[in-house]
Amino acid sequence: MDHYDSQQTNDYMQPEEDWDRDLLLDPAWEKQQRKTFTAWCNSHLRKAGTQIENIEEDFRDGLKLMLLLEVISGERLAKPERGKMRVHKISNVNKALDFIASKGVKLVSIGAEEIVDGNVKMTLGMIWTIILRFAIQDISVEETSAKEGLLLWCQRKTAPYKNVNIQNFHISWKDGLGFCALIHRHRPELIDYGKLRKDDPLTNLNTAFDVAEKYLDIPKMLDAEDIVGTARPDEKAIMTYVSSFYHAFSGAQKLLEWIRRTIPWLENRVPENTMHAMQQKLEDFRDYRRLHKPPKVQEKCQLEINFNTLQTKLRLSNRPAFMPSEGRMVSDINNAWGCLEQVEKGYEEWLLNEIRRLERLDHLAEKFRQKASIHEAWTDGKEAMLRQKDYETATLSEIKALLKKHEAFESDLAAHQDRVEQIAAIAQELNELDYYDSPSVNARCQKICDQWDNLGALTQKRREALERTEKLLETIDQLYLEYAKRAAPFNNWMEGAMEDLQDTFIVHTIEEIQGLTTAHEQFKATLPDADKERLAILGIHNEVSKIVQTYHVNMAGTNPYTTITPQEINGKWDHVRQLVPRRDQALTEEHARQQHNERLRKQFGAQANVIGPWIQTKMEEIGRISIEMHGTLEDQLSHLRQYEKSIVNYKPKIDQLEGDHQLIQEALIFDNKHTNYTMEHIRVGWEQLLTTIARTINEVENQILTRDAKGISQEQMNEFRASFNHFDRDHSGTLGPEEFKACLISLGYDIGNDPQGEAEFARIMSIVDPNRLGVVTFQAFIDFMSRETADTDTADQVMASFKILAGDKNYITMDELRRELPPDQAEYCIARMAPYTGPDSVPGALDYMSFSTALYGESDL
């Protein structure tokens, strides 16, 4: 373990740097070194559960070479390459050579390629270098070390024995007594030294080799025959083997040296910066406890046992007690061991506390990094966001949205205040706990705090800018709103005014044009006030422009409340001013036209008011002539022809009125307050007058023809006229159905309201109104009455006809009627004939005599 291996100088190795490599080619020496170095390597490799068979072959891949170095040094080497390629083997050997060089050993002409190639000379030279460094370098006896120290130790230990004179590491050991003396000096019970003979080197050597292997756990590294049979045994082989005796017997010194090397390592309380490094220290300490200390505990125990056994045997042999040199007493070992235990306990406590501290530091550092990373991620882009001047081109609604968003950000910012404080607190704690990376933590914390302060300043600055902009935009918005509220009605007024001024007015009277003129004058009276309103509206817009220029407001758009611009207002106002004189001229021209039309109306009205009543009078006079029946029909006809002549002579006045009407139509005059008569009324009245006089003359002529044809007297004609006129309540010259029915009843017709009476009246109406017009004219009435009068003398003829049909019976049956008459006439008679009640009656007999008498008015039927 390098933590308790002292870094001593390697001056003792300088003579060995020039060792004669050619001697290695000596077969005897090579054989001795092979055996010795192989046994030495296996004495250590067996601790790792392995061994080598061929020293130049088994170290070629570097794996067992690295393992050997780990076992004898107690340290971990770099991770070996497991590949089988040459490059992997060279890499592993280089790692082993680098480790040897790191222990202060200067390698001369030994390269990894030679070891990999199986170069025996280089491989043995490398193993000897390792033996020197790890088995001989640390030997120290009375201010001598390494080879000299080992030689001095051998001399001191064998000094009391006869025939033993150790002066070197070759021929001084050929007789074997030196090896036996070393064993007997430390373990007298193992060898009976008195029985050994100087002239029996093979026995001596084999005895020493066997006892050492069996009782001292020193492998047999040499062959007795090789030593005896060689003039000068190999020094390196002998030195390697003897060093094993030193390490086996100088237990107290080795143990004390181990304790002296270990205590400073345990007292080293320099903390590591990382948990990994401290865990490595802990792992090294556990290796010390698990691997390195237990053999030392066993070694200490064995020392005490050996010391006590030696003292007992010396006492039993009446030999003086063994007195170790100063400082190597059992009490010295116990004191040193107690000190080691105390330091070890303190070191373990320090390790655990330091690991807990580093755990706390690592936790805090990780917590700091996490919180810092979260905070930095949150703040990323925030400064740029706060510095942006998006409010300069925003509308009021957008500004309000930005303010709400900023308020939300401020809340978020306030919520992150705790994290910043936690970051600062963690950084402070890391400083107090002496965290190794405190400078970077402090720098990062300072950067976060500075950025936080900057964010706060930028946040306040942005809020002030947003509020200032909001206030300006609210002022502008109020002005915009006021502008819109006043511009809209004013614009509507101007559009209405333009519409009215351009409207094509249609008037028919002088009063209407006078009303329009009055309204127009009133409109012109409002123009000064309208101009004031226009200037006030433009002043509002100018105020907005002034604010924009004064405060450098970057307006993003136009007035949101209206699309009406000052240019539109001025344009429409100019148009209104241009339309006013045009309207004046149009109204003046129309006023002149209406005055002309008024003269035409008065001229037409004066004539129409004369002609209309004249036509009405004539119509009434003609009606009276046809109704009053003064004189004979010939007198009435003569009178009517005189009326006709006077009417025809009135025609020029009608034509003159038509001319005036033509002028009115051309002037587009549609009404006339000066008369109720229109030309259409006059035309209709005139045509009715001509038609009436012609029809009346025709009726009188027809009446004369009827009278003469029917032989009706003038008195009868007058009676018919009187009856007709009496029931012509509306003097229309015709009778309605009800009026005609009343007239017939007055003339003696029995027409009741029963079905039979209704059927009879319907028959008469079909005669007098064949076209179903719903009226009965006087001519139809005369025709009907003259025919009725002419048919009154034929009742006996009808009864005679029915008697023939009845077969001279006084009654007739329904079957006889249906057989002899057409169906409609038969049904008509059946419906109106009364049952026959005479003595000769039969069932179903009908009275045709009463029917005939009633049919021609001679009965009350």
Side-chain angles (χ1 to χ4, degrees), residues 382-410 457-503 520 522-584:
K382 294 296 188 296
E383 291 185 11
M385 181 270 290
L386 292 171
R387 285 194 175 95
Q388 64 183 355
K389 297 184 179 181
D390 48 351
Y391 51 82
E392 291 182 348
T393 58
T395 62
L396 180 59
S397 59
E398 291 171 340
I399 283 292
K400 291 185 179 296
L402 287 175
L403 266 172
K404 290 185 179 296
K405 183 178 179 182
H406 189 71
E407 289 172 0
F409 172 76
E410 287 178 325
L458 289 174
T459 299
Q460 182 61 27
K461 184 178 179 181
R462 181 171 173 82
R463 166 169 279 281
E464 292 172 356
L466 287 172
E467 289 176 345
R468 181 174 63 254
T469 305
E470 180 190 31
K471 186 175 181 181
L472 288 173
L473 290 182
E474 281 180 343
T475 302
I476 292 173
D477 187 71
Q478 289 296 324
L479 292 172
Y480 270 155
L481 181 61
E482 184 179 357
Y483 174 90
K485 286 181 177 180
R486 298 179 69 171
F490 185 71
N491 183 67
N492 291 336
W493 176 84
M494 287 193 298
E495 289 180 347
M498 288 188 292
E499 184 179 352
D500 293 341
L501 291 171
Q502 296 178 96
D503 185 24
H520 183 63
Q522 292 174 349
F523 168 75
K524 289 196 293 184
T526 63
L527 289 178
D529 290 338
D531 193 33
K532 292 179 181 179
E533 178 65 12
R534 179 182 67 87
L535 294 175
I537 293 171
L538 296 179
I540 295 172
H541 185 270
N542 293 336
E543 183 66 22
V544 172
S545 300
K546 182 178 179 181
I547 293 174
V548 169
Q549 294 174 359
T550 302
Y551 296 99
H552 305 290
V553 178
N554 189 358
M555 298 302 294
T558 57
N559 192 326
Y561 301 110
T562 182
T563 58
I564 303 169
T565 64
Q567 293 76 15
E568 290 181 44
I569 292 176
N570 286 330
K572 291 180 180 179
W573 176 255
D574 293 340
H575 194 199
V576 168
R577 296 295 298 270
Q578 293 170 4
L579 290 175
V580 169
R582 298 180 191 174
R583 188 71 169 183
D584 288 337

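All heavy atoms count here, side chains included; hydrogens, waters and symmetry mates do not. All of these numbers come straight from a predicted model, not from anything done at the bench.
Taking a 6.0 Å sphere around NZ of K389, one finds it holds 12 or fewer heavy atoms contributed by other residues, nucleotides or ligands. Around the CD atom of E499, the shell of radius 6.0 Å holds no more than 12 heavy atoms that belong to other residues, nucleotides or ligands.
Looking only at side-chain heavy atoms (C-beta outward), V580 and H520 come within less than 4.5 Å of each other. With a 4.5 Å cut-off on side-chain heavy atoms, F523 and V576 count as touching. Counting heavy atoms from C-beta outward, L481 and K485 have side chains that approach closer than 4.5 Å. Within the 4.5 Å cutoff, the side chain of D477 has heavy atoms near those of the P560 side chain. Between K405 and F409 there is no side-chain heavy-atom pair separated by less than 4.5 Å. In this structure, the side chains of T565 and T558 stay at 4.5 Å or more apart for every pair of heavy atoms. Within the 4.5 Å cutoff, no side-chain heavy atoms of I569 are placed close to those of H541.
The pair D531-R534 counts as a salt bridge, with a side-chain nitrogen and a carboxylate oxygen less than 4.0 angstrom apart. In this structure, K400 pairs ionically with E474, as a charged nitrogen and a carboxylate oxygen lie closer than 4.0 Å.
A distance of 9.5 Å separates CE of M385 from CG of L458, quoted to the nearest 0.5 Å. Distance OH/Y551 to CZ/R468: 11.0 Å, rounded to 0.5 Å. Between the CD1 atom in I540 and the OG atom in S545 there is a gap of 12.0 Å [rounded to 0.5 Å]. Note that CZ of R582 and CD of Q502 are 7.5 Å apart. Values are rounded to the nearest 0.5 Å. In this structure, CG in L501 is found 12.0 Å from CZ in R577, a value given to the nearest 0.5 Å. One distance of note links CG of L538 with CD of Q567; it measures 9.0 Å at 0.5 Å rounding.
Of the options L472, L403, I399, a side-chain contact (heavy atoms from CB on, under 4.5 Å) to E467 is made by L403 and by none of the others.
The shortest non-hydrogen separation linking A484 to P489 is O-CD, 4.2 Å. In terms of heavy-atom proximity, T393 sits nearest to E398 at O-OE1, 4.2 Å. Nearest heavy-atom pair, W493 versus L527, reported as atom, atom and distance to 0.1 Å: CH2-CD2, 3.8 Å.
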Quick one, V544 with Y483, criterion side-chain contact (heavy atoms from CB on, under 4.5 Å). Give me CA distance, side-chain angles, the key distance, then yes/no.
CA-CA 10 Å; V544 172; Y483 174 90; over 6 Å; no
Evaluate salt bridge (Lys or Arg N to Asp or Glu O under 4.0 Å) for D503 paired with R583, printing each intermediate quantity in order.
CA-CA 9 Å; D503 185 24; R583 188 71 169 183; 5.4 Å; no
Mind running salt bridge (Lys or Arg N to Asp or Glu O under 4.0 Å) on E470 and R463 for me, showing each step along the way?
CA-CA 10 Å; E470 180 190 31; R463 166 169 279 281; over 6 Å; no
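When atom types are taken as modelled, the side chain of R462 and the backbone of Q388 share a donor-acceptor pair closer than 3.5 angstrom. Remark: the backbone N or O of I564 is not paired with any side-chain donor or acceptor of E568 at under 3.5 angstrom. No donor-acceptor distance shorter than 3.5 angstrom exists from the side chain of T550 to the backbone of I547, with no hydrogens or angles considered.
Counted by atom type alone, Q478 and E482 present zero donor-acceptor pairs between their side chains at under 3.5 Å. With no hydrogens or angles considered, a side-chain donor-acceptor pair links E495 and N491 at under 3.5 Å.
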